[in-house]
K.L.:
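Handing you this structure, nothing more for now.
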Amino acid sequence: MNITFDELRNIKHQLPHGSIKRIADELNLEEQTVRNYFGAHHLENSGNHLEPGPNGGIVHIEDETILNAAKRILAETVHQSASN
């Protein structure tokens with residue numbers, strides 16, 4: 001999957017407090033691994049590849065597991081907000 005770096009960071013910034021830990025716990029990963037998945041300086045260490053381009057460049061994501069967990073949490077947040 002390809003996504004712009006800006007889009008990836010936007011997803012991270014929309015996550016509620018504690019989501020990085022929640023994702024790490026659910027996927028049996030270190031929190032730093034999840035942070036690196038969304039981060040600029042350690043992106044290559046996460047298995048993602050950054051190509052220069054507009055909007056921060058294009059990130060090629062090999063494994064979407066963390067991204068899917070983040071999107072699920074965002075969907076839960078939207079659903080909870082709509083219920084209130």
Side-chain angles (χ1 to χ4, degrees):
M1 167 188 194
N2 291 327
I3 186 172
T4 68
F5 181 73
D6 288 352
E7 289 172 317
L8 187 63
R9 293 294 288 177
N10 189 44
I11 290 169
K12 179 190 178 278
H13 291 301
Q14 290 180 47
L15 290 170
H17 180 74
S19 294
I20 297 298
K21 180 174 178 14
R22 177 178 167 188
I23 292 168
D25 289 347
E26 287 178 7
L27 301 177
N28 198 30
L29 299 169
E30 297 289 327
E31 286 183 51
Q32 192 59 47
T33 301
V34 177
R35 282 188 203 94
N36 289 350
Y37 189 88
F38 293 100
H41 301 295
H42 303 285
L43 195 60
E44 296 295 330
N45 296 334
S46 69
N48 297 337
H49 306 284
L50 180 63
E51 296 291 330
N55 300 314
I58 302 298
V59 180
H60 177 73
I61 298 176
E62 295 288 333
D63 184 349
E64 297 176 38
T65 306
I66 293 173
L67 180 61
N68 290 338
K71 287 180 176 180
R72 179 178 39 77
I73 290 169
L74 288 176
E76 290 171 4
T77 304
V78 169
H79 179 37
Q80 288 174 356
S81 295
S83 297
N84 294 333

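The figures here come from the full heavy-atom set of this structure, side chains too, leaving out hydrogens, waters and symmetry mates. Along the sequence shown, the residues carry numbers beginning at 1.
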K.L.:
To the nearest 0.5 angstrom, please state how far the CZ atom of Phe38 sits from the CG atom of Leu67.
P.N.:
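Atom-to-atom, Phe38:CZ and Leu67:CG are 6.0 Å apart.
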
K.L.:
If you measure from CG on Asn55 to CD1 on Ile58, what distance do you get to the nearest 0.5 Å?
P.N.:
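Answer rounded to 0.5 Å: 7.5 Å.
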
K.L.:
Please enumerate all residues that pass side chain to side chain donor-acceptor pair (under 3.5 Å) together with Glu64, with sequence neighbours excluded.
P.N.:
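Checked Glu64 against side chain to side chain donor-acceptor pair (under 3.5 Å); zero matches.
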
K.L.:
Find the distance between OH (Tyr37) and OG1 (Thr65) and round it off to the nearest 0.5 Å.
P.N.:
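Taking OH in Tyr37 and OG1 in Thr65, the distance rounds to 7.0 Å.
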
K.L.:
Are any of the side-chain nitrogens in Glu31 or Arg22 under 4.0 Å away from the carboxylate oxygens of its partner?
P.N.:
no

K.L.:
Do Leu29 and Ile66 have side-chain heavy atoms sitting under 4.5 Å apart?
P.N.:
yes

K.L.:
If you round to the nearest 0.5 Å, how far is CD of Glu26 from NZ of Lys21?
P.N.:
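Between atom NZ of Lys21 and atom CD of Glu26 there are 11.0 Å.
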
K.L.:
To the nearest 0.5 Å, what is the distance between CD1 (Ile73) and CG (Asn68)?
P.N.:
11.5 Å

K.L.:
Taking side chain as C-beta onward, heavy atoms only, is Thr4 less than 4.5 Å from Val59?
P.N.:
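Side chain of Thr4 against side chain of Val59, heavy atoms only: no contact under 4.5 Å found.
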
K.L.:
Is the closest side-chain donor-acceptor distance between Thr33 and Glu30 under 3.5 Å?
P.N.:
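Checked: Thr33/Glu30 side chains show no N/O donor-acceptor pair below 3.5 Å.
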
K.L.:
Any idea which heavy atoms bring Ala69 and Leu27 closest together, and the distance?
P.N.:
CB-CD1, 4.4 Å

K.L.:
Transitively linked via ILVMFWY side-chain contacts under 4.5 Å: Leu8 with Met1?
P.N.:
yes

K.L.:
For residues 11-19, tabulate all N or O donor-acceptor pairs below 3.5 Å that involve a side-chain atom, not counting sequence neighbours.
P.N.:
{"residue": "Ser19", "atom": "OG", "partner": "Pro16", "partner atom": "O", "Å": "2.7"}

K.L.:
With sequence neighbours excluded, tell me which residues meet side chain to side chain donor-acceptor pair (under 3.5 Å) with Asn2.
P.N.:
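Result, side chain to side chain donor-acceptor pair (under 3.5 Å) vs Asn2: His60.
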
K.L.:
If the condition is side chain to side chain donor-acceptor pair (under 3.5 Å), which residues does Asp6 pass it with, not counting sequence neighbours?
P.N.:
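Applying side chain to side chain donor-acceptor pair (under 3.5 Å) to Asp6 gives none.
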
